[in-house]
Amino acid sequence: MCSNSAARVKLSTPATVWNTCSRRSDMIRVYVATGFFHHDMILVCRPQRTTCSAPGSLYCSQITEIKGMRASQFHISTTKETPNDAEIVSHQLMLRAGFIRRLGSGLYSWMPMGLRVLRKVEAIVREEMNRAGALEVLMPAIQPAELWQESGRWEKFGPELLRLHDRHNREYCVGPTHEEVITDIARREIKSYRQLPLNFYQIQTKFRDEVRPRFGVMRSREFIMKDGYSFNLGEASLQESFDQMHVAYCNMFDRMGLEYRAVEADSGSIGGAMSREFHVLADSGEDAVVYSTEGGYAANMEKAAAISQGTRGDANEAMRTVETPGVHTIAELAVQLQVDESRCLKTLLVQGVDTPVVALVLRGDHQLNEVKAEHLPEIASPLTMADADAIKAAANCDAGSIGPVGLSIPIIADADAAKLSDFVCGANENDRHLAGVNWGRDLPEPEVRDLRNVVEGDPSPVGSGTLKIVRGIEVGHIFQLGDTYSQSMGATVLDENGKPQTMMMGCYGVGISRTAAAAIEQNNDDKGIIWPMAIAPFEAVICPINMVKSDAVKAAAEALYAELQAAGIDVLFDDRPLRPGAMFTDMELIGIPHRFVVSDKLLANDEIEYRNRRAPESEVIARADVLARIV
RNA sequence: CGGGGUAUAGCGCAGCCUGGUAGCGCAUCUGCUUUGGGAGCAGAGGGUCGUAGGUUCGAAUCCUGCUACCCCGACCA
């Protein structure tokens with residue numbers, strides 16, 4: 001955090017030097033409050049030149065920027081009222097606390113207070129990446145179209161890719177991700193297996209032209225991402241890099257004090273490859289995270305395997321047609337026929353590969369998992385529901401009355417749907433359903449697959465425990481790309497036999513700006529944000545009571561400020577001439593973890609009031625115990 | 001892309017229906033008082049009412065086009 005350099009520092013007035021301390025060999029440390037620099041720092045100076053109490057010029061051999069800031073020299077802009085377009089609490093609080101300002105749809109400026117948080121998140125991510133042996137690079141945000149045409153993504157990516165032309169009418173895009181660029185670098189730079197494995201990463205602004213940006217920086221169009229890419233020879237090496245990143249990611253989110261889960265994720269079109277998403281748990285999260293009460297299993301909803309229990313019951317009823325006028329949904333059906341939704345089947349028609357439509361059959365109380373369905377070879381990708389005409393052609397009825405009986409199209413049933421006996425389903429005739437239906441008797445045994453979303457209480461796929469479902473915010477994603485890009489772009493190295501081998505790649509992302517927002521979603525109360533220490537804009541704040549009138553309070557607050565700074569605490573000294581209530585409210589909204597109050601009343605007993613942002617009450621402590629409260 | 005909504009001072013809103021000198025709260029500035037939970041009083045500044053056109057003696061208000069933004073859905077991850 002320290003920047004060291006030699007510089008000549010102008011001290012505009014003697015008053016700006018308000019304290020000197022700690023003579024250390026031939027150096028003197030001088031605290032300067034203002035002047036040439038915008039904020040406080042320690043100047044380490046040659047003693048013969050440190051005429052600190054007089055205005056003038058001071059030669060400093062070394063300038064060590066120290067943490068801390070005076071509120072009067074910072075920019076604090078809080079509001080009482082919530083902007084009406086902010087929906088979720090992190091967005092509201094970030095605006096109210098003056099962390100971010102909106103420029104346009106999905107575009108945000110980071111104000112000084114917010115940028116402090118962003119930089120701290122970034123620093124932790126950078127440190128953990130470095131510690132894991134990754135090497136930082138910085139690639140252009142603008143990328144030539146040729147690279148994307150080479151990988152095939154220029155056509156595939158769609159409107160989310162912001163494309164533009166330069167003055168020569170050459171095509172470019174604003175990078176939503178950097179696989180192409182990094183692969184291009186790798187194929188030029190990496191020639192020998194001896195150079196592997198290598199892991200490059202960058203922390204950089206990305207742009208994705210989201211259809212509907214929302215929730216402030218949680219889902220913005222321009223955002224800051226850490227994206228890393230490993231290059232490996234062989235799958236074992238890739239797995240090793242992947243595992244290292246898994247550890248690094250756990251370290252990052254642990255250090256940030258976030259409650260998160262690493263979950264198995266669907267890896268999309270790259271079949272079988274390993275993929276882990278890191279979710280910060282919060283009720284407002286856009287994703288469903290599934291985890292097992294025992295055995296450590298965790299997956300996202302798309303991926304979580306549904307385990308079917310029990311066996312099919314005997315067929316006791318005869319199949320019969322029932323009149324169900326006006327019934328279009330499972331819920332209406334269950335009410336009208338007085339049966340449980342779990343005794344009903346719902347049949348969905350989707351576009352197939354070999355046939356125009358395929359029927360997917362689920363239990364009435366279960367939801368189709370579109371990702372699982374999409375992966376089935378019989379089903380067209382992307383998953384497309386059949387339109388009204390196609391339904392009419394295949395089932396001779398409207399969408400609310402389809403059933404598997406008598407259909408001459410492929411039928412795929414979810415495992416739980418296949419275990420029903422004496423069930424209710426659509427009759428392929430409007431306003432009619434069938435009851436007492438049984439597989440194998442009234443219609444052929446179906447193809448059985450896992451088609452559904454898991455539900456709370458399902459048995460865990462790992463054998464012990466049951467599944468729970470919570471909401472999560474995806475802040476990180478690591479996955480094994482394999483040779484997808486290195487193959488299409490020809491990134492090879494020579495192996496020990498002198499033969500070219502296509503490199504294996506891994507891809508590792510962290511949403512930096514989203515992580516900051518996610519931390520707020522997880523840590524707030526009715527007063528504002530409660531920052532985890534590691535990413536708080538300031539670690540502590542000093543609130544002097546009525547400092548304008550009391551020299552004693554001013555002196556004590558200044559001394560405390562110096563002491564905390566000297567201890568390396570990132571402290572905010574709220575020296576604004578505010579009434580206590582306004583000051584407290586601001587600091588609680590901003591969410592600074594530790595608060596120290598200095599007042600005449602307390603000073604009389606050599607005491608300080610301390611309050612942890614999470615604590616229900618403040619407490620009075622001895623002046624000497626201040627540091628112990630923070631570290 | 002479909003549906004709904006909004007656009008008036010930095011922020012939050014009223015005024016529009018029923019056309020007639022643009023208002024309130026917060027914030028800002030000045031002064032005095034106040035100082036342990038978003039202070040009080042007095043005063044001040046700040047808006048070509050999103051934009052272009054139309055109707056009218058007269059438009060924030062009625063009509064039309066456009067633009068921007070928000071919400072729901074679809075899409076994406």
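The sequence lines fix the lettering, A, B, ..., with proteins before strands; numbering per chain opens at 1.
- Between the CE atom of A:Met547 and the P atom of B:U34 there is a distance of 19 Å, rounded to whole Å.
- Taking the six-membered ring wherever Trp is involved, the centroid distance between the rings of A:Phe200 and A:Tyr229 does not fall below 6.0 Å.
- Of the nucleotides present, none pairs with B:C17 by Watson-Crick or G-U wobble criteria with both distances under 3.5 Å.
- On the C1' atoms, B:C29 is 33 Å away from B:C70, given to the nearest whole Å.
- Rounded to whole Å, the separation between the C1' atoms of B:A7 and B:U51 comes to 11 Å.
- Using a 4.0 Å heavy-atom distance criterion, A:Arg514 is classed as making no nucleic acid contact.
- Using a 4.0 Å cut-off between charged nitrogen and carboxylate oxygen, A:Arg614 and A:Asp525 do not count as a salt-bridge pair.
- Below the 3.5 angstrom threshold, one finds a donor paired with an acceptor across the side chain of A:Arg96 and the base of B:G38.
- Contact annotation for A:Arg219: base contact, defined as any heavy-atom pair under 4.0 Å involving a base atom.
- When Watson-Crick and G-U wobble pairs are counted only if both distances are under 3.5 Å, B:A59 pairs with no nucleotide at all.
- To the nearest angstrom, C1' of B:C76 lies 14 Å from CZ of A:Arg221.
- In this structure, B:A7 and B:U67 make a Watson-Crick or G-U wobble pair, each of the two defining distances being under 3.5 angstrom.
- Here A:Arg576 pairs with A:Asp574 in a salt bridge; the nearest charged N to carboxylate O distance falls below 4.0 Å.
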Look for any protein N or O under 3.5 Å of an N or O in nucleotides 25-29 of chain B and output each such pair with its distance, or none.
unit_1: B:G25; atom_1: N2; unit_2: A:Glu81; atom_2: OE2; d: 2.8

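- Straight-line distance between the P atoms of B:C41 and B:G46: roughly 23 Å, to the nearest whole Å.
- Looking at the side chain of A:Glu302, the nearest of the listed nucleotides B:A77, B:G38, B:C69 is B:A77.
- Protein atom CZ of A:Phe215 is 12 Å distant from nucleotide atom P of B:C70, rounded to whole Å.
- Nucleotides B:C49 and B:A14 place their C1' atoms 13 Å apart, quoted to the nearest Å.
- Among the atoms of the strands shown, base atoms are found under 4.0 Å from some heavy atom of A:Glu609.
- Put simply, the side chain of A:Asp586 reaches to within 4.5 Å of the side chain of A:Ile76, judged on heavy atoms.
- For residues 504-528 of chain A, there are no ring-ring contact (aromatic ring centres under 6.0 Å, His included) pairs, not counting sequence neighbours.
- The P atoms of B:G25 and B:G65 are separated by 38 Å, rounded to the nearest whole Å.
- In the interface, the side chain of A:Arg595 is paired with the base of B:G37 through a donor and an acceptor atom under 3.5 Å apart.
- One interatomic measurement links the two molecules: CD of A:Glu210 to P of B:C71, which rounds to 13 Å at whole-angstrom precision.
- Nearest nucleotide to the A:Thr78 side chain, out of B:C72, B:G38, B:G36: B:G38.
- Using a 4.0 Å cut-off between charged side-chain N and carboxylate O, A:Arg261 and A:Glu277 make no salt bridge.
- Atom pair A:Lys527:NZ and B:G37:P shows a separation of 13 Å (rounding to whole Å applied).
- Of all heavy-atom pairs between A:Thr515 and A:Met256, the closest is CG2-SD, 3.6 Å.
- For A:Phe596 and A:His594, the distance between ring centers is not under 6.0 angstrom.
- B:G12: Watson-Crick or G-U partner is B:C24, with both key distances under 3.5 Å.
- Looking at A:Arg623 and A:Glu563, a side-chain N of the basic residue comes within less than 4.0 Å of a carboxylate O on the acidic one, giving a salt bridge.
- Looking at A:Glu286, A:Glu474, A:Glu87 one by one, the single match for salt bridge (Lys or Arg N to Asp or Glu O under 4.0 Å) with A:Arg219 turns out to be A:Glu286.
- Comparing A:Val548 and A:Thr585 by the nucleotide of RNA chain B whose heavy atom lies nearest to each, the residue mapping closer to the 5' end is A:Val548.
- Nucleotides B:C13 and B:A9 are separated by 12 Å at their C1' atoms, to the nearest Å.
- Within the 6.0 Å centre-distance limit, the rings of A:His246 and A:Phe278 are counted as a close aromatic pair.
- Pairing of B:C1, defined by two Watson-Crick or G-U wobble distances under 3.5 Å, is identified with B:G73.
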Every protein N/O within reach of nucleotides 39-47 of chain B N/O, cut-off under 3.5 Å:
unit_1: B:A39; atom_1: OP2; unit_2: A:Arg579; atom_2: NE; d: 3.4

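- Each of B:G38, B:G73, B:C69 was ranked by its minimum atom distance to the side chain of A:Arg214; first place goes to B:G73.
- Residue A:Glu179 contributes atom CD, which lies 13 Å from atom P of B:A77 at whole-angstrom precision.
- The gap from the P atom of B:A22 to that of B:U61 amounts to 13 Å, rounded to the nearest Å.
- Across the C1' atoms, B:C69 and B:C57 are found 36 Å apart, a figure rounded to whole Å.
- As judged by a 4.0 angstrom heavy-atom cut-off over every strand, A:Leu602 is placed among the base-contacting residues.
- Between the side chain of A:Asn546 and the base of B:G36, no donor-acceptor pair under 3.5 Å is found.
- Base contact: A:Ser599 has a heavy atom under 4.0 Å from a base atom.
- Remark: of the listed residues A:Phe157, A:Tyr485, A:Trp154, A:Phe157 is the sole one forming a ring-ring contact (aromatic ring centres under 6.0 Å, His included) with A:Trp148.
- Here the nucleotide nearest the side chain of A:Ser105, chosen from B:C72, B:C70, B:G37, is B:C70.
- Among the nucleotides B:C70, B:U35, B:A77, the one closest to any side-chain atom of A:Lys549 is B:U35.
- Separating the CD atom of A:Glu286 from the C1' atom of B:C75 is a distance of 13 Å, rounded to the nearest angstrom.
- Aromatic ring centroids of A:His91 and A:Tyr108 lie under 6.0 Å apart.
- Here B:G38 presents its P atom at 13 Å from CE of A:Met583, a figure rounded to the nearest Å.
- In this structure, B:G43 and B:C29 make a Watson-Crick or G-U wobble pair, each of the two defining distances being under 3.5 angstrom.
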